[in-house]
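These notes are about the structure you will find just below.
Small disclaimer: the values here were computed from a predicted structure and weren't measured. In what follows, chains are A, B, ... by sequence order, proteins preceding strands, each numbered from 1.
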Protein chains: 2
Amino acid sequence: MPDPESAPASSRRRADAERNIAALLEAAAAEFVRAGVDVPVRDVATRAGVGVGTIYRHFPTRADLVIAVYRHQIDSLAQRGPELLRTASSPSAALTTWVDEFVDFLVTKHGLAGALRSTDPSFDALHTSFVSRLVPVCGELLAAGRGTGELTDALGAYELMRSVGNLCIGAETDERYDARAAVAVLLAGLRSGDH
Amino acid sequence: MPDPESAPASSRRRADAERNIAALLEAAAAEFVRAGVDVPVRDVATRAGVGVGTIYRHFPTRADLVIAVYRHQIDSLAQRGPELLRTASSPSAALTTWVDEFVDFLVTKHGLAGALRSTDPSFDALHTSFVSRLVPVCGELLAAGRGTGELTDALGAYELMRSVGNLCIGAETDERYDARAAVAVLLAGLRSGDH
DNA sequence: AGACCATACGGAACACGGTTCCGGTTAGCA
DNA sequence: TGCTAACCGGAACCGTGTTCCGTATGGTCT
């Protein structure tokens, strides 16, 4: 994996490659909004004004492209965790706010939640990227909540993240379904000692 | 839609068509467990010993085939609802048992839950079929539970079914994730007045 | 400046699965 | 037995992911 977005490594990369990577990230972001993360590779290539081969060189799998496009948002979400733990009125409130922000992120990206759950092996990278970045943060919030007795240990951090991600699938295309409400109930279940 | 499974209409159908439909249902059921509901159409046709054209004539969309294969199980699940309401110790207990049985059904069918959430328009039929059959039953259980004050109205019947279905996506391929546990927490959230 | 080459580019070509279409076949009936 | 509507099979077509390779070029060294 070429890790095409980190600037430091750019010293070893040709200027035209640098330009193309930037153009691809911009084009991909736009196409993701327009047609979802499942948009045909050719469409992204066309918008960026490059050939399909160029995409595959820099982003061997579609997941690499998705990760690169959203890495900044994932990073800032990861940073929000500890921050909320300090500022919120309780660990449980911090978790609620943090999860809400994650839900907002997912439901505004067409098909992102679904892609996270794709059985297509090429999406494993996407999955593990999100997981490795966010699960530890979620774990801290959960642990804090358990420490104060607010939260049960019915779900681990990984399971909670997966549950929330799953609940967001298809939320943007079904007006009868409110992912936020479902997630709220899930968190209520985590708060009640009842099982 | 030809409704190819109901015996009554068979009087208007040729015997060879009847045989092929039976062979297709059997082949599809076998292929679904072998390779999931996303198995290539050609594979089902090959196992049934028919051409692909024959599949498309009787089952215009993949969803029609999936519905036909699982209709019996959906029907018996729908019947279980009122039954449980009579025999269980409380409406809330009835809902829990019923939902658990639904979860069992979904997680043992490779990819079925995912197919239910596919954005592919050809799966709309699958979705509406499940919904029209099971949502009313779920609604009865929910209403009964609200009547006794056990359950909140944070989620409607449709939303609950969707949430449960979503939580089951990918459960069979990820040993770190327990869909049953997640669903249990969701139901706990429905029981607690807390939101 | 000129030349060299590793790097990068573009898009044709291939793979694969869904879907359509139509010439041939056959069940059911008179 | 012969007729016809219903049905069959699979070739062909299309869209999309993925690979491959001949060509172009940025960077560097002389």
**Asked** Can you tell me how far P of C/dG10 sits from CZ of A/R47, to the nearest Å?
**Response** 17 Å
**Asked** Roughly how far apart are B/R176 CZ and A/Y158 OH, rounded to 0.5 Å?
**Response** 4.0 Å
**Request:** Please examine the side chains of A/T173 and A/H110, heavy atoms only from C-beta on, and report whether any two atoms are closer than 4.5 Å.
**Result:** no
**Under the 3.5 Å Watson-Crick or G-U criterion, the dot-bracket string of DNA chain C, with | for inter-strand pairs** = ||||||||||||||||||||||||||||||
**Asked** With sequence neighbours left out, what residues match B/A48 under side chain to side chain contact (heavy atoms under 4.5 Å, CB included)?
**Response** B/A23, B/L24, B/A27, B/V50
**For the student: nearest non-hydrogen atoms of A/A154 and A/E159, plus distance** = O-OE1, 4.3 Å
Validation: residues 80-88 of chain A side-chain donor-acceptor distances under 3.5 Å, sequence neighbours left out:
residue, atom, partner, partner atom, Å
A/R80, NE, A/E101, OE1, 3.1
A/R80, NE, A/E101, OE2, 3.4
A/R80, NH1, A/E83, OE2, 3.0
A/R80, NH2, A/E101, OE2, 2.6
A/T87, OG1, A/E83, O, 3.2

**Prompt:** Does a side-chain N or O from B/N20 land closer than 4.0 Å to OP1 or OP2 of D/dC7, or not?
**Reply:** no
**Side-chain touch B/L134/B/W98, heavy atoms, less than 4.5 angstrom** = yes
**Under the ring pair (Phe, Tyr, Trp, His ring centres under 6.0 Å) test, residues paired with B/Y70 that sit two or more places apart** = B/F105
**Request:** Report the residues that fulfil side chain to side chain contact (heavy atoms under 4.5 Å, CB included) with A/A63, sequence neighbours left out, ordered by chain and then residue number.
**Result:** A/T61, A/A125, A/L126
**Request:** May I have the distance from A/R12 (atom CZ) to D/dG26 (atom C1'), rounded to whole angstrom?
**Result:** 15 Å
**Message:** Does D/dG9 have OP1 or OP2 under 4.0 Å away from a side-chain N or O of B/T54?
**Reply:** yes
**Fill in**
Cluster membership besides A/I169, Ile/Leu/Val/Met/Phe/Trp/Tyr side chains within less than 4.5 angstrom, sorted by chain and number, is B/I169
**Asked** Expressed in angstrom and rounded to an integer, what is the separation of A/E18 atom CD from D/dT25 atom P?
**Response** 19 Å
**Item:** side-chain hydrogen bond (donor to acceptor under 3.5 Å, both in side chains) contacts in which one or both residues fall within residues 42-56 of chain A, not counting sequence neighbours
**Value:** A/E31-A/R47
Short N/O separations, protein against nucleotides 20-23 of chain D, under 3.5 angstrom:
none

**Fill in**
Tightest non-hydrogen contact, residues A/C138 and A/L160, listed as SG-CD2, 3.8 Å
**Request:** Tell me which residues in residues 35-42 of chain B put a heavy atom below 4.0 Å from DNA chain D, sorted by number, or none.
**Result:** B/R42
**Prompt:** Taking only residues two or more places apart in sequence, or in another chain, which ones meet B/D75 in a side chain to side chain contact (heavy atoms under 4.5 Å, CB included)?
**Reply:** B/R71, B/R133
**Message:** Is there a side-chain contact between A/H58 and the phosphate of C/dA8, meaning an N or O under 4.0 Å from OP1 or OP2?
**Reply:** no
What side-chain donor-acceptor pairs closer than 3.5 Å can you find for residues 140-148 of chain B, not counting sequence neighbours?
residue, atom, partner, partner atom, Å
B/R146, NE, B/T152, O, 3.4
B/R146, NH2, B/L155, O, 2.9
B/T148, OG1, B/G145, O, 3.1
B/T148, OG1, B/E150, OE1, 2.9

**Complete:** Its contact letters, B for base, S for sugar-phosphate only and - for none at protein heavy atoms under 4.0 Å, make nucleotides 23-30 of chain C read ---BSS--
**Request:** Could you check how far CD1 of B/I55 sits from P of C/dC21, rounded to whole Å?
**Result:** 18 Å
